[in-house]
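Written out below as structure tokens is the structure these notes cover.
Here is the naming used below: chain letters follow the sequence lines, and residue numbers restart at 1 for every chain.
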Number of protein chains: 2
Amino acid sequence: MEQRPSDLDSIFKPQSVAVVGASDNPGKLGFHVMKSLVQGGYPGVVFPINPGKNEILGLKAYPSLSHVPQTVDLAIIVLPADLVPRTLEGCHERGIRGIVLITAGFKEIEDQKGERLQQDITEIANRFGMKIIGPNTFGVVNLHLPLNASFTPEFSQVKKGKVGLVSQSGGMSHLLGFLSIESHVGMSKIIGLGNRCNVDFAEMVAYLSEDPETEVIAMYIEGIDEPRGLVEVAKRSCLKKPLVAFKAGRSLTSDKASQFHTGSLAGKHEIYAGAFRQAGILMVESSEELLDASKALAMCPLPQGTGVAVLSGQAGPGMVASDLCEGEGMTLPPFSTAIQRRIDELLPPIAIRTNPIDMGPAWYDSAAIGGIVDAVCEDPAIHAIVLCIMFASANRSAVGTLAQLLRKKKIDKPILSCFSAPGTTWEEEIRLLEGTGIPNFATPERAAKALANLIRYHRLRERRKAYGNP
Amino acid sequence: MEQRPSDLDSIFKPQSVAVVGASDNPGKLGFHVMKSLVQGGYPGVVFPINPGKNEILGLKAYPSLSHVPQTVDLAIIVLPADLVPRTLEGCHERGIRGIVLITAGFKEIEDQKGERLQQDITEIANRFGMKIIGPNTFGVVNLHLPLNASFTPEFSQVKKGKVGLVSQSGGMSHLLGFLSIESHVGMSKIIGLGNRCNVDFAEMVAYLSEDPETEVIAMYIEGIDEPRGLVEVAKRSCLKKPLVAFKAGRSLTSDKASQFHTGSLAGKHEIYAGAFRQAGILMVESSEELLDASKALAMCPLPQGTGVAVLSGQAGPGMVASDLCEGEGMTLPPFSTAIQRRIDELLPPIAIRTNPIDMGPAWYDSAAIGGIVDAVCEDPAIHAIVLCIMFASANRSAVGTLAQLLRKKKIDKPILSCFSAPGTTWEEEIRLLEGTGIPNFATPERAAKALANLIRYHRLRERRKAYGNP
């Protein structure tokens, strides 16, 4: 199967977009799509198509695609299902090859009509060399252009970054998008595949693996008709960029629901797990873990071993992180003599100065904490650091100063943190810290688990490298 | 061992508080303690004690406890460790029986002096019939008085509620406090036990089990010298109120760290797990799970079986919730014929109308969703509901209307929700929903997991009831 990324560029990097079914009625999806484009700051030209309107959201509207005076790269379609085949033909007449088909009522409905209609449009698209994202999708978002080609303007609040999210479920894309706003996971693209009439996971992964704006590919998967396609693409792609997948449908009930939902059986979980492992896809077990692992993979160098130093401003969170690290197969080795000596000079004797370090008595002293991080990074037995500091009024300024310090260092080992404070108290400090390449997580457990996933991915990739190219 | 809760009332419900070591220097903990009391809205009288000051934070300061013109119920001590024994004697002379001893430098330090000092103060406290929370604690908070007797004024931001948190680690108390602000877990008390010189978990659980403001007791535990005391108290208390524990120190390394940290070996995890199960204590595996389970236990009736209905505004999150429910041993039974008929009338045929229900096509229609919740609640095979709705611009108003609807119903089965929206978009709606007794969680998985913990607790309690009173 030849991959032609250039087709998909018309969807993700269009110079002009037509919204077929644009509306100024807030009760219609065609209104929200217009809002997403306009408020999301899309820099290209937008053509609302609606035979009954002269203007929508301040933009001149056209009665049909044939009236549009310019070339159109991408058509977003929000018309009733019955009108879609004819509309696709209209798109072809205008030379449009990129389609985002938001309309539902295809393979996912009980009525056989839906399945037939989906066959029809797939056949039309394939005949004309069109790529359709959907049907039955919320749309796609390219945060780098920016292009919000979805019915949810709020996706534009997601931070621009390196994680490309490909999802089979609109609902889960929304959840993951909202969570990523909160936990500051930067996204490159958010793609709702919907019923996947002629663009499936395999093609999206191939595209994103060549996309310079994407460094990690995150997937939410329910069921795939031909998993082999994804497996083959992944075997190559995983050597370039980490692939992470959260697979739903492991229970019988949700397997059944999947068939209704986007028209595919979820299939046996174990078969997917085995195939994904072989393909170098890192499988995770929850939506939070998908985002945490993707964030770590996008920000950190890979650890070259399993030796971890836990440095904590308070002993409790350090214990909790250590528990999780050891439970995930990492070790907390003692520091080498020379490194231990440096730490002993930085920390008073009442601190716990061995691994896991309780930096408590030095928590006002960012220079000491920075010095400890430095020393520990140089220890050959240490391959990664988990750094936890809980806010207290008395240590308010420590994190900002620490971030300033770390900024100046060249750190080649992954450092994952849990800096926790009420509300937005440390917002700025944490952004500064993340700017130095240290991803922050909501709890010590989640920081440690994200590190475990860095190690798992590293192993998967090494094994794939050993197999050679497929 | 006789429990005398009345002693602890002087700590949690004092009419007057002295801060021994009060300061107006923001570099000192004695400053932050004063700020906590004053800004936290403590309604009683505060006496700052500092021989060098006439006034601290606008309050008249006294050179020593003996100069205070009134009775003092609670003394918060933030002096250097060496001065603590004499200060305790001064407290006794003023008839003070409640002490929060923030000072560190006791059993937790390497120097043998610390251990001896802790023996001394324990002996003094026991001789004079004093109760000491600490030493080496951040303090205690009673959100109902309110009293913030800690060095962290930000604890006053935690919502007043029903969960009493008892923690062996100050760092973990801070983490759990900050997380509870974010996830709206209402707390009654937050208690940092520190080195537990003469108040340990057993006594705190006995006290909280009689506390009318506390309905769930949540614990973060590292290691207990005499777990039997807690086990015996828990056997009685768990029949009155749910007890939930997150136990750290399961790995060898963190076990060692625990000994340093608060002077106790963490001990074998399996031994704790067995003892806790026998005592009716629900054991959880992470800080987020501790809060999620406590929130559900504080808000929901207990499910009388394992039959769950998953109702979702979008199919994906419903599948993810179903996976977790079935993985945790719940079932998603088909609805009875009569109930199914009612649902069929409310939902269009293109929706998935069997369990798990995809309410998608009715997501603008709060009356339909409310009707489905109603119908499903009446199905005898259904013991609990997981309800998931992801925000989209087009369904913005649905949740508010739904909450208004549910407010008027009498619901006697647990309903747990994941309503997710960007930032604070649904803040008000979710508070309204939680006001109806439906706790909201960040992800479908966490809602389903909290339900699993309701079921686990119900079983634990039934088993304890069957054993009879100890």
Side-chain angles (χ1 to χ4, degrees), chain A residues 29 32 35 105 109-111 138 151-154 157 168-172 174-175 178-179 181 220 222 248-251 253-254 257-258 260-261 286-288 312-320 322-323 326-327 332 349-350 352 356 358 390-394 420-423 425 442-443 445, chain B residues 29 32 35 105 109-111 138 151-154 157 168-172 174-175 178-179 181 220 222 248-251 253-254 257-258 260-261 286-288 312-320 322-323 326-327 332 349-350 352 356 358 390-394 420-423 425 442-443 445:
Chain A
L29 290 180
H32 297 282
K35 223 175 129 189
I109 63 169
E110 273 179 38
D111 196 323
F138 67 93
F151 60 63
T152 302
E154 289 76 8
Q157 295 174 25
Q168 197 165 346
S169 151
M172 288 303 291
H174 281 71
L175 176 73
F178 303 154
L179 291 174
I181 295 172
Y220 167 76
E222 291 175 357
R250 59 169 52 192
S251 68
T253 311
S254 60
S258 166
F260 283 118
H261 179 205
S286 74
S287 22
E288 285 178 341
S312 183
Q314 295 95 345
M319 281 180 65
V320 167
S322 303
D323 271 352
E326 293 198 349
L332 277 82
I350 58 164
I352 304 172
D358 173 10
M390 306 300 121
F391 170 88
S393 307
S420 179
T425 312
T443 67
E445 298 97 306
Chain B
L29 290 180
H32 297 282
K35 222 175 130 190
I109 63 169
E110 273 179 39
D111 196 323
F138 67 92
F151 60 62
T152 302
E154 288 76 8
Q157 296 174 24
Q168 196 164 347
S169 151
M172 287 303 290
H174 282 71
L175 176 73
F178 303 154
L179 291 175
I181 295 172
Y220 168 76
E222 290 174 359
R250 59 169 53 193
S251 68
T253 311
S254 60
S258 167
F260 282 116
H261 179 203
S286 74
S287 23
E288 285 179 341
S312 183
Q314 294 95 344
M319 281 181 65
V320 167
S322 303
D323 272 351
E326 294 197 349
L332 278 82
I350 59 163
I352 304 173
D358 173 10
M390 306 299 122
F391 170 88
S393 307
S420 180
T425 312
T443 66
E445 298 97 306

Using non-hydrogen atoms and a 4.5 Å limit, figure out which bit of A:Ile181 sits close to chain B: side chain, backbone, both or neither. side chain
Are A:Gln314 and B:His174 packed together at the side-chain level, in the sense that at least one heavy-atom pair is separated by less than 4.5 angstrom? no
Mind checking whether B:Thr425 and A:Phe178 have side chains closer than 4.5 Å, heavy atoms only? no
Locate the shortest heavy-atom distance separating A:Pro422 from B:Gln157; write the atom from each residue and the value. CB-OE1, 3.6 Å
Using the test side-chain contact (heavy atoms from CB on, under 4.5 Å), find all partners of A:Ser286 that sit at least two apart in sequence or belong to another chain. A:Glu288, A:Glu289, B:Glu445
If every non-hydrogen atom of A:Ala248 is compared with every non-hydrogen atom of B:Val320, which pair is closest and at what distance? CB-CG2, 4.0 Å
Proximal component of B:Phe391, with respect to chain A [non-hydrogen, under 4.5 Å]: both
Who wins among A:Thr443, A:Leu29, A:Thr152, A:Leu175 for the most heavy-atom pairs under 4.5 Å with chain B? A:Leu175
Count the heavy-atom pairs under 4.5 Å between each of B:Ser420, B:Gly423, B:Pro153, B:Gly313 and chain A, then report the option with the highest count. B:Ser420
Please give me the minimum heavy-atom distance between A:Ser169 and B:Gly316, naming the atom from each residue. OG-CA, 3.3 Å
